[in-house]
A.B. asks: 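One structure coming up, written as C-alpha cells, with questions to follow.
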Amino acid sequence: MGSTILDHFRSYSWLKRTFLVIAACTFLSSSFLFLTPPGEYIREYLAKTVITTQHRDWAWIFVGAQRRDQLVLEMQNLTEVNSVEKQDLRAVQFNKNRPLDSLVKVEDISGQFWKGKKMYVYDPRTIRVVVPDKQGEGERITSMVQRTGAVAGVNGGGFNDPDGLGNGFAPIGAIMSGGNILYTDQEGSIAQHIVGFTKEGTLIIGKYTINELIKLGVSDAVSFYPRVIANGKPLITSGDGGWGRAPRTAVGQKADGTVIFIVIDGRQAHSVGATLKEVQDLFLQDGVINAGFLDGGASSEMVYNDALITKPSSRYGERRLPSAFLVFDHPEQVKVKNVWEGLTTIDPGGAYDHPEFLKEQADKKANQPKATPTPKATPTPTTSIKPDSSSEPGKNGASHSPGGTENGSSKPSPSVKPEVSPTAPANPGPSEGTGNGNTGTGSSSPGASAPSKPSPTTIPTTSPVQSSNGNGASPTPSAAPTKAN
C-alpha cells in the first residue's frame with residue numbers, strides 16, 4: 001500500500017507535489033510549535049525577540065495579544081526592580097599605578113550566535129558624553145570622533161525614532177556632559193534610568209533623579225537600561241534575560257576602575273545577536289561589579305582610531321545619534337555645546353525627511369519600467385470617404401479615455417500619505433532601539449510615499465533641578481523601536 005501511495009504521489013505534477021510538501025511541513029511545524037512544551041518555549045523566545053524591536057505589536061503572531069502584553073509587562077517590571085538598588089561607591093578602588101600610555105585596548109569577541117568587540121578603558125576619567133554639533137539632527141559617531149579628536153567611542157542613550165528613520169535629535173531621558181545638564185525630559189525630582197560617570201570615574205547605573213546625580217557628583221550621563229550587575233551581584237539569575245537576541249551595547253566597571261564597553265553585532269548573517277545574560281556573563285568573566293546596557297539595535301556601534309570597527313544592522317550604515325561615550329587623551333580640553341538650549345519643541349524626524357530613505361525611494365521610482373506607448377497605426381491607402389471628424393475615436397487611433405494620456409496609458413492615482421506617530425527610542429530597553437530603543441533596526445521598509453511629519457517632542461518648561469517632596473517615578477519604560485533599521 002505504501003508503494004501505491006508513493007506511485008500516486010509521483011504521478012502528480014511538480015506544482016501539486018510542492019504544494020503537498022509545503023502543506024505537510026506547515027502542519028507538522030504548527031503541531032510542534034503549538035502542541036508541545038518545546039514549541040511553546042520557542043514561540044515565547046521569538047515573541048520576546050520581536051518585543052525588543054520597533055515592531056513589538058507583531059509578537060502576537062507567536063503568542064497571541066494577551067500573552068504578548070503579559071511578556072511586555074514582565075520585562076518592564078523586571079527592569080524596574082533591578083534598577084532600585086543604590087550603588088556602593090566605595091566598591092571601586094582605582095589603580096593609580098597604571099602606565100600613563102595605557103589608555104584603551106580593543107579585542108574581538110564571539111559566541112555561538114554572535115560576533116562583536118570589547119574595549120577596555122583603563123582610566124574612566126577619560127570618558128566623556130558628546131552630543132551633536134548642530135541643531136536639528138543627530139551625528140554619526142565617526143563624525144563625533146573625528147570632530148573632537150577622540151580615540152574611540154560607542155553609542156549612548158535612547159531617542160525618539162519614528163519608523164526607525166528618526167533624525168537622532170530627540171533624546172529620551174537625560175543627557176549630562178562635563179557636569180552640565182544638556183537635556184532632560186523629567187523634573188529634577190523624578191527618577192530616570194541612568195548610565196553615567198562621576199567626576200572621579202565611578203560608573204553609576206540605576207534609577208536616579210537629576211538632583212541625586214548632582215549630589216553624587218555625576219558629570220557625564222545618558223538614559224538607558226536594563227541594569228544586569230549591581231554591586232557585584234548578577235541580576236539575571238534564571239533564563240536569558242527575556243529580551244531575545246539583538247545587537248547590544250553595554251558598559252561595565254571592574255573594582256580597579258577599568259571600564260569595559262561591549263558592542264555585539266546583530267540581525268545579520270554573520271551575527272544574529274546576543275542575549276542579555278550572555279553579555280552579563282562576559283562582564284562577570286572580567287570581574288565587573290556594575291554593568292548595564294546602552295541603546296542597542298541598529299544604533300549599536302563602536303569606533304576606534306577614526307574607523308567604524310563593528311557592523312551596524314541599519315541598511316543605511318551608521319545612524320545619526322543624540323549622544324555617545326567617547327574616550328579622550330585630554331578630556332579636560334573637551335568642550336561640549338548644548339545644542340538643545342533654547343528649544344521648546346524637537347522634531348524627531350522620520351521617513352518624510354530621512355535623506356538616505358528618500359534617495360532610496362527616488363531611485364526606486366526612477367528605475368521603474370516605463371509604460372510602453374501604444375504604437376501608432378499605419379494608415380492604409382484607401383479610396384473610401386473620410387469619416388466625419390466628430391466621430392473619430394482619437395487622433396492616430398489613440399482613444400482619450402477619462403484621466404488617460406494621449407498614448408493610451410492611464411495616469412496613476414496619487415498615493416495617500418499615511419500618518420506617522422513618534423515611537424519609543426531605538427532601542428531604550430526592549431527599545432532596542434529604543435533604539436534603540438531600543439536600533440537595520442529590524443523595521444520593515446515604509447511605503448514609497450512620504451508619511452506626514454510626526455508630532456514634535458515637547459521639552460518640559462520646568463527647571464530640571466528643583467527640590468520636591470513628591471515621590472514621582474519615571475514613566476514605565478517602553479520597548480524600543482533602536483531601531484530595528
A.B. asks: Judged by modelled atom types alone, do Thr258 and Asp256 share a side-chain donor-acceptor pair under 3.5 Å?
C.D. replies: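 Yes, side-chain donor-acceptor contact under 3.5 Å.
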
A.B. asks: Give the intermediate values and the outcome of side-chain hydrogen bond (donor to acceptor under 3.5 Å, both in side chains) for residues Asn155 and Thr249.
C.D. replies: CA-CA 7 Å; Asn155 59 290; Thr249 301; 2.8 Å; yes

A.B. asks: Check whether any side-chain heavy atom of Met176 lies under 4.5 Å from a side-chain heavy atom of Asp220, and answer yes or no.
C.D. replies: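 When only atoms from C-beta onward are counted, Asp220 and Met176 do not touch, as no gap falls below 4.5 Å.
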
A.B. asks: Evaluate the side-chain proximity of Glu278 to Arg245: yes if any heavy-atom separation is below 4.5 Å, no if none is.
C.D. replies: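 SC-SC contact between Arg245 and Glu278 confirmed.
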
A.B. asks: Test side-chain contact (heavy atoms from CB on, under 4.5 Å) on Phe169 and Arg320 and set out the steps.
C.D. replies: CA-CA 8 Å; Phe169 192 67; Arg320 297 172 293 174; over 6 Å; no

A.B. asks: Just to verify, which of Tyr208, Phe224, Tyr225 counts as forming a ring pair (Phe, Tyr, Trp, His ring centres under 6.0 Å) with His193?
C.D. replies: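 Going through the options one by one, the only one that passes is Tyr225.
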
A.B. asks: Among side-chain atoms of Thr184 and Gln192, is any donor-acceptor pair under 3.5 angstrom?
C.D. replies: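 Checked: Thr184/Gln192 side chains pair up, N/O donor to acceptor below 3.5 Å.
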
A.B. asks: Evaluate the criterion side-chain contact (heavy atoms from CB on, under 4.5 Å) for residue pair Arg248 and Ile262; output intermediate values, then yes/no.
C.D. replies: CA-CA 8 Å; Arg248 308 285 184 198; Ile262 289 177; over 6 Å; no

A.B. asks: Please collect all side chain to side chain donor-acceptor pair (under 3.5 Å) contacts where either partner lies in residues 322-337, sequence neighbours excluded, each pair once.
C.D. replies: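 The answer is none; no pair qualifies.
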
A.B. asks: Is Lys277 atom NZ crowded by more than 12 heavy atoms from other residues, nucleotides or ligands, each under 6.0 Å away?
C.D. replies: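 No, not enclosed.
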
A.B. asks: What I'd like to find out is whether the side chain of Tyr183 reaches to under 4.5 Å of the side chain of Val339, using heavy atoms alone.
C.D. replies: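 Tyr183 does not reach Val339 side chain to side chain.
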
A.B. asks: For Glu341, I'd like to know if atom CD has over 12 heavy atoms of other residues, nucleotides or ligands within 6.0 Å.
C.D. replies: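 Atom CD in Glu341 is not crowded, with 12 or fewer foreign heavy atoms closer than 6.0 Å.
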
A.B. asks: Salt bridge (Lys or Arg N to Asp or Glu O under 4.0 Å) for Glu85 and Lys233? Distances and angles first, verdict last.
C.D. replies: CA-CA 11 Å; Glu85 182 179 342; Lys233 298 177 299 185; 3.0 Å; yes

A.B. asks: Within a strict 4.5 Å, meaning less than it, do heavy atoms of the Met119 and Ile260 side chains meet?
C.D. replies: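 Sidechains of Ile260 and Met119: no contact.
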
A.B. asks: Determine, stepwise, if the pair Arg140 / Glu301 fulfils salt bridge (Lys or Arg N to Asp or Glu O under 4.0 Å).
C.D. replies: CA-CA 10 Å; Arg140 293 172 178 85; Glu301 56 188 79; over 6 Å; no

A.B. asks: Can you name the one residue among Glu356, His354, Glu360, Lys359 that meets side chain to side chain donor-acceptor pair (under 3.5 Å) with Tyr316?
C.D. replies: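 The residue from Glu356, His354, Glu360, Lys359 that satisfies side chain to side chain donor-acceptor pair (under 3.5 Å) with Tyr316 turns out to be Glu360.
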
A.B. asks: Does a side-chain heavy-atom distance below 4.5 Å link Phe293 with Val228?
C.D. replies: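 The answer is yes; the side chains approach within 4.5 Å.
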
A.B. asks: So Ile229 and Leu235, do their side chains get closer than 4.5 Å, heavy atoms only?
C.D. replies: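 A side-chain contact is absent here, since even the closest heavy-atom pair is not under 4.5 Å.
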
